[in-house]
Amino acid sequence: LATYEFPQSQLFQSERIPTSAKCIVYVFLAAAIKCLSASVFWHTFNGTSTLKLRRKFACVDYSGITILITASILTAEFVSLYDHKIAMFSYMFISLSLGVIGVFLNCSPKFDSPESRPLRIRFFILLASMGILSFLHATYLESFKYSTSLLSSVANKSVIWYLIGVVFYGSFIPERFRTDVVIDDAIPTTFQLSTDADIITKEQHLHFRNAPICHHNPRRGILSLWWVDYFGCSHTFWHIFVVFGVIGHYKAIIDMFSKRWL
C-alpha cells in the first residue's frame, strides 16, 4: 500500500489533494507497519522466562496498538475538520497527547497484568472515541449529511473490523468453550500474590500446579477444541481482524479524500 498502491493512485497524483493530506496517509501507513512489526516482535519473544524482559516486549506491542489507533484517529480528524483549522488542530493535539500518554502507560507492569485486560480495552476505546467526537463536531460546523458521508466510510470499512476483533480479544472465543482442559475458577491476581502470603505458603498446591488439570481423554473429538492451542484461538482472530481494519481504514481514507476533494 505504501510503496505501490497509494503512489500509483489517482488521489496521490491529483493536484486537488493537499500535500498535507497525502502526508497524513503515510503517517497512518507507517503506524500500521509499526503496529504489525511490534506484534511480530512480541510474539517472537513472549516465551522468554525472564519476566522483566517479557514486560518490555509487551510494552512494545501495546505501544504499536496505541500508535495505530492514534494515527487512524488523526486521519479522520484531519479530513472531517480540514476547513476548520482551529478545531482540527485542537482535536489532533488532544488525540496525539492521549497517544503519548498511552505509550507511557503501556510501559507500566500493571498495564500488562491479566486483571488489567478490561482496562486496556477501555483505554483503547477511549482513544478511539476522539474520532467520533470530531465527526460530531463536524456535524455542528458543516452538516449532518457531510459528516455522515465521511463517517460511513470509516464505520463500514474500518471500525467494524476492529470491533469484531475486540469482541474476540475480550471474550476469549472460541477457547472459552473448550472441554479438554479444566481451568481453575480462582486464579490469584498480581495484587493477591503480593498481599496474601497464604497463597504461596499454605495454599501453594492449589495455585501452582505442575500441569493443567485435564480430562482423561482430552483430544476426543474436534468439538473439544483441543486444537485452539495450535491455531484458531481468539488472539489469532484478533490479529486477522486488525489486518482487515488496517486495509479497510486505508480504503476509508481514499473514500473520504474522494468525497472531500474530488
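All of these numbers come straight from a predicted model, not from anything done at the bench.
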Next item on the list: Would you list the pairs meeting ring pair (Phe, Tyr, Trp, His ring centres under 6.0 Å) in which at least one residue belongs to residues 137-160, sequence neighbours left out?
Entry: Tyr91-His137
Check: In the hydrophobic clustering that connects Ile, Leu, Val, Met, Phe, Trp and Tyr at side-chain heavy-atom distances below 4.5 Å, which members other than Val103 occupy its cluster, ordered by chain and number?
Finding: Ile67
Checklist line | Exercise: identify the closest heavy-atom pair between Gly99 and Leu127 | finding: N-CD1, 4.1 Å
Next item on the list: Indicate, with yes or no, if Leu151 and Leu133 share a hydrophobic cluster defined by side-chain heavy-atom contacts under 4.5 Å among Ile, Leu, Val, Met, Phe, Trp and Tyr.
Entry: yes
Next item on the list: Could you check Met130 against Leu98 for side-chain contact (heavy atoms from CB on, under 4.5 Å), going step by step and ending with a plain yes or no?
Entry: CA-CA 10 Å; Met130 286 301 301; Leu98 286 174; 3.8 Å; yes
Margin query: Any donor-acceptor pair under 3.5 Å linking the side-chain atoms of Ser147 with those of Glu142?
Written below: no
Check: If Ile, Leu, Val, Met, Phe, Trp and Tyr residues are connected whenever their side-chain heavy atoms lie under 4.5 Å apart, and connections chain through other members, are Val40 and Val243 in the same group?
Finding: no
Note to self: Let me confirm one number: the CZ-SG distance from Arg55 to Cys107, rounded to the nearest 0.5 Å.
What the structure shows: 12.5 Å
Margin query: Within a 6.0 Å radius of atom NZ on Lys251, are there more than 12 heavy atoms belonging to other residues, nucleotides or ligands?
Written below: no
Next item on the list: Under the salt bridge (Lys or Arg N to Asp or Glu O under 4.0 Å) rule, collect the residues that match up with Lys157, sequence neighbours excluded.
Entry: Asp255
Item checked: Lys85, NZ atom: more than 12 neighbouring heavy atoms under 6.0 Å -> yes
Check: For the residue pair Met92 and Leu74, what are the closest heavy atoms and their distance?
Finding: O-CD2, 3.6 Å
Margin query: Applying ring-ring contact (aromatic ring centres under 6.0 Å, His included), can you list everything that pairs with Phe135, at least two apart in sequence or on another chain?
Written below: none
Margin query: What I'd like to find out is whether the side chain of Tyr169 reaches to under 4.5 Å of the side chain of Phe237, using heavy atoms alone.
Written below: no
Notebook entry, point to check: Which atom names give the shortest non-hydrogen contact between Ala252 and Ser153, and what distance separates them?
Noted result: CB-O, 3.5 Å
Next item on the list: Working to the nearest 0.5 Å, report the span between CZ of Arg122 and OG of Ser129.
Entry: 13.5 Å
Checklist line | Test of ring centre spacing under 6.0 Å for Phe57 and Phe41 | finding: yes
Using distance only, find each side-chain donor-acceptor pair of residues 21-33 under 3.5 Å and give its atom names and separation, not counting sequence neighbours.
| residue | atom | partner | partner atom | Å |
| --- | --- | --- | --- | --- |
| Lys22 | NZ | Phe12 | O | 2.7 |
| Lys22 | NZ | Ser14 | O | 3.2 |
| Tyr26 | OH | Ala2 | O | 3.1 |

Next item on the list: Please name all residues satisfying ring-ring contact (aromatic ring centres under 6.0 Å, His included) with Trp261, sequence neighbours left out, ordered by chain then number.
Entry: Tyr82, Phe257
Next item on the list: Would you sort out whether Leu81 and Leu141 count as a side-chain contact (heavy atoms from CB on, under 4.5 Å), showing the intermediate values?
Entry: CA-CA 9 Å; Leu81 297 171; Leu141 295 174; 3.9 Å; yes
Next item on the list: Show your working on side-chain contact (heavy atoms from CB on, under 4.5 Å) between Tyr162 and Val246 and close with a plain yes or no.
Entry: CA-CA 9 Å; Tyr162 289 127; Val246 168; 3.7 Å; yes
Next item on the list: Please collect all salt bridge (charged side-chain N to carboxylate O under 4.0 Å, His left out) contacts where either partner lies in residues 222-246, sequence neighbours excluded, each pair once.
Entry: Arg178-Asp229
Item checked: Any residue meeting ring-ring contact (aromatic ring centres under 6.0 Å, His included) with Phe172, in chain and number order, not counting sequence neighbours -> none
Next item on the list: Could you list the residues that satisfy salt bridge (Lys or Arg N to Asp or Glu O under 4.0 Å) with Arg260, not counting sequence neighbours?
Entry: Asp83
Check: side-chain hydrogen bond (donor to acceptor under 3.5 Å, both in side chains) with Glu77: which of Ser90, Ser72, Ser95?
Finding: Ser95
Margin query: Apply the hydrophobic cluster definition, ILVMFWY joined by side-chain contacts under 4.5 Å directly or through others, and give me every member besides Tyr4.
Written below: none
Checklist line | Set of residues satisfying side-chain hydrogen bond (donor to acceptor under 3.5 Å, both in side chains) with respect to Thr75, sequence neighbours excluded | finding: His249
Check: Residues two or more places apart in sequence or in another chain: which of them pass salt bridge (Lys or Arg N to Asp or Glu O under 4.0 Å) with Asp196?
Finding: none
Item checked: Steps toward side-chain contact (heavy atoms from CB on, under 4.5 Å) verdict (Ser158, Tyr250) -> CA-CA 8 Å; Ser158 172; Tyr250 168 78; over 6 Å; no
Check: Considering the options Thr50, Asn46, Leu51, Thr44, which one meets the side chain to side chain contact (heavy atoms under 4.5 Å, CB included) requirement together with Thr48?
Finding: Thr50
